[in-house]
Amino acid sequence: MSETVTDINRLTPFPDHTQLPEEDGTFVKNFQEHPQSILLTDSLGPVLEQRHPDGQYCIGQDSGIYWRETDPPEKGAEAPDWFYVPNVPPNLDGEVRRSYVLWRELRAPLIALEFASGNGEEERDRTPLGVSVEGKTVRPGKFWVYEQIIRIPYYGIYEIKSGQLEVYHWMDFSYQKIEPNERGHYPIVPMGVELGLWQGTYQNQDQLWLRWWDLEGNLLLIGSERAELEKQRTEQEKQRAEQEKQRAEQEKQRAEQEKQRAEQEKQRAEAAESKAARLAERLRSLGIDPDGEGDI
C-alpha cells in the first residue's frame, strides 16, 4: 500500500488584496455618493481618533469586501458604499489597501451603509447562494451576504430619492430592523454615535444627508464646520475682550471724573475757607470778634 504525501508548499494559497481586482467596472450610482462618503468619514474623525489612539481601523468607500473565491474574482465580492472596520491596520505590509479580503482579515466590518439610487430592492435582496436547475451558481443578494456570510453587525440602507433610512442590527443570527429614537436617529452603540438624516448644504448640494450625532444628540461636525465654529468662538472672544477693554476704559474715565469732582470740591472748600478767613480778618480790623457770641 502506497501513501501519497501532499507538499503544502505546492498548494495554491488564497489570494490577498494585491492579487484581487480593486474595481468591477460599474459606474458610481449617483453624484451624491462621493460627497456623502466624505461627509461621513470627515465628521467621524475625532470619534475614531479617541476610540483608536493607535490608528488601528480602516474605512472603505465603494471598496470590495471579498468573502468568497470565485472566477472571476469580483463575483465573490460586495462593495458597500461606506463601511468601517475597527481594530485592523489601515495599511497592509506598508501598502495601501486595494480591497478588504475577509479570509485574510477574519474580522467583519462593524457597520456598512448603502446609498440606494432606486427603491432599495438591490440593497434588500435576500436571495441565498445556490445553484440553478441548469447547474449555474446563483449570485446571492447583497442583504443575504451581509447578514448570513459576513455578518456585519449594523447595516444601513439610505434611499436617496425618497429620503428613507433603514438600519438593521445583527441579532440571533439575522438582521432585526431598528426603530429610531425620539430624535429620529439610530444609535450605533459600539461606536458611541447615532446615525440620522440632516437637511443642509454640503459641497454645493442642498439636500438630505446621512450624518452622525453623539449619543446626547449633538451633531458631529466636519472639519470646515469645526473651523467655522472655532472662528466664531475666536471672534466672540475678541468681541468680549474688546467689550472688557471698553468697560475698563469707561471705568477709568469714571474714576478720572470722580477724581476731578473731588479736586473741584476740594478747591471749593479751600476757596470757602479762604473767604471766611478774609471776612474774619476784616471783622477784627473793625474791632469785632468773629468768634465771639452775639448779644442775647
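No experiment lies behind these values; they were computed from the predicted model shown. Note that these values count all heavy atoms, side chains included, but never hydrogens, waters or copies made by symmetry.
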For Trp144 and Trp67, take the angle between the two ring planes, folded into 0 to 90°, and tell me which bin it lands in: parallel under 30, tilted 30 to 60, perpendicular over 60.
perpendicular

Assess the residue pair Gln207 and Gln32 against the criterion (side-chain hydrogen bond (donor to acceptor under 3.5 Å, both in side chains)); give the C-alpha distance rounded to whole Å, side-chain angles, the decisive distance to 0.1 Å, and a yes or no.
CA-CA 10 Å; Gln207 54 200 23; Gln32 187 178 356; 3.1 Å; yes

Any donor and acceptor pair, going by atom type alone, linking the side chain of Ser285 with main-chain N or O of Arg282 inside 3.5 Å?
yes

Donor-acceptor contact below 3.5 Å, side chain Thr201 vs main chain Asn204:
no

Is Trp213 reachable from Leu220 through a run of hydrophobic residues whose side-chain heavy atoms are each under 4.5 Å from the next?
no

Between Glu256 and Lys259, is the closest basic N to carboxylate O distance under 4.0 Å?
no

For the residue pair Tyr202 and Trp209, does the interplanar ring angle fall in the parallel (under 30°), tilted (30 to 60°) or perpendicular (over 60°) class?
perpendicular

Between the main-chain N or O of Ile59 and the side-chain N or O of Arg97, is there a donor-acceptor pair closer than 3.5 Å?
no

CG of Leu208 to OH of Tyr158: how many Å apart, nearest 0.5 Å?
4.5 Å

When clusters are formed by joining ILVMFWY residues with side-chain heavy atoms under 4.5 Å apart, either directly or through shared neighbours, do Tyr57 and Leu110 land in the same one?
yes

Begin from the C-alpha positions of Glu166 and Tyr175 and carry the test side-chain hydrogen bond (donor to acceptor under 3.5 Å, both in side chains) through to its verdict.
CA-CA 12 Å; Glu166 293 179 0; Tyr175 275 141; over 6 Å; no

Would you indicate whether the side-chain heavy atoms of Gln232 and Leu229 approach each other to under 4.5 Å?
yes

Measuring only between side-chain heavy atoms, which start at C-beta, is Asp81 closer than 4.5 Å to Gln36?
no

Crowded around Glu179 CD? As in, over 12 foreign heavy atoms under 6.0 Å?
no

Measure the CG-CZ distance between Leu40 and Phe115 for me, rounded to the nearest 0.5 Å.
5.0 Å

To the closest 0.5 Å, what do you measure between CD (Gln61) and NE2 (His34)?
7.5 Å

Does any N or O in the side chain of Arg126 come within less than 3.5 Å of the main-chain N or O of Glu147, such that one atom is a donor and the other an acceptor?
no

Counting only heavy atoms not in Asn218 (residues, nucleotides, ligands), do more than 12 fall under 6.0 Å from its CG?
yes

CD1 of Ile222 to CD of Gln203, rounded to nearest 0.5 Å, is 8.0 Å

How close do Lys161 and Ser117 get, counting heavy atoms only, and between which atoms?
CB-O, 4.2 Å

Val88 side chain reached by Tyr100 side chain, heavy atoms, under 4.5 Å
yes

Output yes when Glu78 and Arg139 qualify as a salt bridge under the 4.0 Å nitrogen-oxygen rule, no when they do not.
yes

Rounded to the nearest 0.5 Å, what separation is found between the CD atom of Glu121 and the CZ atom of Phe143?
14.0 Å

Mind checking whether Phe83 and Ile152 have side chains closer than 4.5 Å, heavy atoms only?
no

Answer whether the closest heavy-atom distance between the side chains of Ile65 and Pro109 falls below 4.5 Å.
yes

Looking at Asp93 and Glu95, would you say the former's side chain and the latter's main chain have a donor-acceptor pair under 3.5 Å?
no

Side chains of Arg226 and Pro46 in contact at under 4.5 Å (non-hydrogen atoms)
yes

Does CD in Glu270 sit with more than 12 non-hydrogen atoms of other residues, nucleotides or ligands closer than 6.0 Å?
yes

Less than 4.5 Å apart, any side-chain heavy atom of Leu129 and any of Arg68?
yes

Before accepting this row, confirm whether a basic side-chain N of the pair Glu281/Arg278 lies closer than 4.0 Å to the acidic partner's carboxylate O.
no

Between Tyr186 and Leu165 (side chain of the first, backbone of the second, donor and acceptor by atom type, cut-off under 3.5 Å), is there such a pair?
yes

For the residue pair Arg151 and Phe173, establish whether any side-chain heavy-atom pair is separated by less than 4.5 Å.
yes

Could you tell me whether the side chain of Arg211 and the main chain of Leu39 form a donor-acceptor pair under 3.5 Å?
no

Quick one: pull up OH in Tyr84 and CE in Met191 and give me the separation to the nearest 0.5 Å.
5.5 Å

Answer yes or no: does atom CD of Glu235 have more than 12 heavy-atom neighbours from other residues, nucleotides or ligands under 6.0 Å?
yes

